[in-house]
Structures are given as C-alpha cells and as structure tokens.
Amino acid sequence: MGTRMIGVSIAVPEPYGSLLQRRRAGYGDPLAHCIPTHVTLLPPTEVDTALLPAFREHLTEVAATGRAFPMRLEGTATFRPVTPVVYVELVQGGLDCAELQERVRSGPVRRELQFPYHPHVTIGHGIPDEELDRAQLDLADFAATWTAGSFALYEQDEKGVWRSLWDYPLGSGGPGPRLVPHQPSACEPLSPAPAGGTPHV
C-alpha cells in the first residue's frame with residue numbers, strides 16, 4: 001500500500017498565518033507557499049499507509065481528552081548556528097503544545113525527535129544568513145494571540161505541498177474530527193503583504 005509523508009500541527013489563524021507566510025516568501029524561502037503557517041506537534045514523518053486509520057483514531061482520542069488553550073506569539077529568535085532557522089517565539093501555550101505533542105507521538109506512529117521539542121513558528125529556513133538576519137529583525141515586534149481549539153493532520157503531496165486532511169477539535173464536547181475539503185494542487189503565491197507594520201493583539 002506504500003507510504004505517505006504526514007505531520008500534525010496547530011495552524012496559525014488568519015490574518016496572521018497568511019501574513020507570516022508572505023513574509024517568509026519575501027525572505028526567499030522557496031517552500032514558504034507550500035507550508036501553511038503552523039506550530040508543529042509531529043514533524044514530517046514517513047508512515048505506512050496501512051497505519052493511517054489507527055493513527056487517525058488515536059488523534060481522535062487525543063483531541064477528545066484535550067482542551068482549548070491560549071497561544072501567544074511574540075518576538076523572534078533563531079536556532080543558529082545549530083540549524084539555519086529563524087522563528088517567531090511562542091511565549092504562551094508552549095507547555096500545552098509540549099504535552100499535546102507527546103500524546104500525539106505516543107500512538108501507532110512513533111517518532112523520536114532529533115532535538116528537544118521547542119514549539120515555534122518558522123519564518124526563515126535554509127536561506128542566506130543576511131535574509132535570516134533580516135527576518136529576525138523585521139518581525140522582532142510581531143505579536144499575535146488566539147485560542148488553539150484544534151489541531152490538524154497534514155500530508156505532503158507529490159509536489160511537496162502540505163495539505164490539511166483532518167481537523168481535530170479539542171475537548172470531549174466538540175463535534176469530532178472534520179474531513180478538510182480538498183485544496184487546489186498548485187502551490188500558488190499569496191498576494192503581497194500590506195504596507196506598514198505587523199499586527200498586534
């Protein structure tokens with residue numbers, strides 16, 4: 001039945017998700033438009049297709065026993081020199097994300113992490129140092145706050161585009177998993193970011 005490349009993450013809501021995606025593209029990251037803005041719970045993992053039904057059931061149980069929680073992004077930081085990444089820091093909700101990702105990785109799809117878990121939102125990866133410097137400086141005053149009410153199962157298609165397949169609302173009183181409608185196959189750029197500063201909440 002083959003294998004599929006999957007991941008699990010919490011989406012950064014609008015308008016912040018699109019804004020950060022446009023900024024990431026503006027720094028020259030070629031994959032910016034193929035990766036929805038997110039906080040990772042399960043990094044890209046190749047799995048046997050036969051495992052997916054059991055994994056989806058596991059995610060349903062994880063979501064049902066979870067709860068919504070506040071998240072706040074504020075400021076920037078970097079993983080350099082270990083990895084060429086600049087990111088927006090998650091200053092609230094990190095402990096909830098850490099607990100959630102442990103539970104996600106405790107089911108039929110197990111994944112050992114290369115580095116200790118550090119929830120964040122990437123805004124530059126594998127681009128020249130001067131562009132990483134610019135991203136870290138440009139978004140130093142960025143801030144956004146929202147309530148994380150769900151997480152999603154993503155799959156990478158043959159063109160390298162990550163798409164959400166199922167959305168899992170947190171909490172036993174929720175509607176249960178929701179199948180996400182199919183998204184267009186093209187990795188299409190978003191419209192240019194508006195002039196002016198980044199939004200704050």
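Residue Q92 places its CD atom among more than 12 non-hydrogen atoms of other residues, nucleotides or ligands, all under 6.0 Å distant. Counting non-hydrogen atoms of neighbouring residues, nucleotides and ligands closer than 6.0 angstrom, the CD atom of Q114 reaches no more than 12 such neighbours.
The only member of V121, V86, T76 that meets side-chain contact (heavy atoms from CB on, under 4.5 Å) when paired with L139 is T76.
With no hydrogens or angles considered, no side-chain donor-acceptor pair links T37 and Q21 at under 3.5 Å. Judged purely by distance below 3.5 Å, without hydrogens or angles, the side chains of Q101 and R111 never pair a donor atom with an acceptor atom.
To the nearest 0.5 Å, atom OH of residue Y154 and atom CH2 of residue W162 are 10.5 Å apart. Summarising the geometry, atom CZ belonging to F142 is positioned 7.0 Å from atom OH belonging to Y16; distances are rounded to the nearest 0.5 Å. Atoms CG and CG, from L95 and L90 in turn, are 9.5 Å apart once rounded to the nearest 0.5 Å. Taking CG from D129 and CD from Q136, the interatomic distance works out to 11.0 Å, rounded to the nearest 0.5 Å. Once rounded to the nearest 0.5 Å, the distance linking OG1 of T45 with CZ of R105 reads 9.0 Å. Rounding to the nearest 0.5 Å gives a distance of 6.0 Å between OG1 of T122 and NE2 of H38.
Hydrophobic clustering (ILVMFWY, side-chain heavy atoms < 4.5 Å, transitive): F151 and L113 are in one cluster. In the hydrophobic clustering of this structure, L41 does not group with L51; members are Ile, Leu, Val, Met, Phe, Trp, Tyr whose side-chain heavy atoms approach within less than 4.5 Å, directly or through other members. Note: the hydrophobic cluster containing V8 also contains F69 (ILVMFWY, side chain heavy atoms under 4.5 Å, direct or indirect links). In the hydrophobic clustering of this structure, L31 does not group with V85; members are Ile, Leu, Val, Met, Phe, Trp, Tyr whose side-chain heavy atoms approach within less than 4.5 Å, directly or through other members.
Side chain of E89 to backbone of L73: no donor-acceptor contact under 3.5 angstrom is found. In this structure, the side chain of S18 does not engage the main chain of E14 through any donor-acceptor pair within 3.5 Å. The main-chain N or O of V62 is found under 3.5 Å from a side-chain atom of R103 such that the two form a donor-acceptor pair.
The pair R4-D48 does not meet the salt-bridge criterion, since no charged nitrogen lies less than 4.0 angstrom from a carboxylate oxygen. Using a cut-off of 4.0 Å between Lys/Arg side-chain N and Asp/Glu carboxylate O, D29 and R23 are scored as not salt-bridged.
Closest approach of R72 and A143 over heavy atoms only: NH2-CB, 3.4 Å. Taking all atoms of both residues into account, the shortest heavy-atom contact from S164 to A152 is CB-CB, 4.3 Å. Nearest heavy-atom pair, P119 versus V39, reported as atom, atom and distance to 0.1 Å: CB-CG1, 3.8 Å. G160 approaches C34 most closely through the heavy-atom pair O-CB, 3.8 Å. Of all heavy-atom pairs between W146 and A11, the closest is NE1-O, 4.1 Å. Looking at every heavy atom in both residues, L170 comes nearest to R67 through CD1-O, 3.4 Å.
Looking at heavy atoms from C-beta onward, V104 lies in side-chain contact with L59 at the 4.5 angstrom threshold. A 4.5 Å side-chain heavy-atom check between H58 and S106 finds at least one atom pair inside the cut-off. Using a 4.5 Å heavy-atom threshold, the side chains of I10 and C97 count as touching. P84 places a side-chain heavy atom less than 4.5 Å from the side chain of L132. In this structure, the side chains of P44 and Q156 stay at 4.5 Å or more apart for every pair of heavy atoms. Using a 4.5 Å heavy-atom cutoff, the side chains of I6 and F55 are in contact. The shortest side-chain heavy-atom distance between W166 and T60 does not fall under the 4.5 Å cut-off. R24 places a side-chain heavy atom less than 4.5 Å from the side chain of I35.
Remark: H120 engages F79, Y87 in a ring pair (Phe, Tyr, Trp, His ring centres under 6.0 Å) (not counting sequence neighbours). With sequence neighbours excluded, the residues that form a side-chain hydrogen bond (donor to acceptor under 3.5 Å, both in side chains) with S150 are D167.
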Verdict with supporting geometry, M71 and T145, side chain to side chain contact (heavy atoms under 4.5 Å, CB included): CA-CA 6 Å; M71 296 182 70; T145 303; over 6 Å; no

Salt bridge (Lys or Arg N to Asp or Glu O under 4.0 Å) between R80 and D133, intermediate numbers included: CA-CA 11 Å; R80 293 182 287 175; D133 291 340; 2.9 Å; yes

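Among pairs with a residue in residues 94-117, none fulfils ring-ring contact (aromatic ring centres under 6.0 Å, His included), at least two apart in sequence or across chains.
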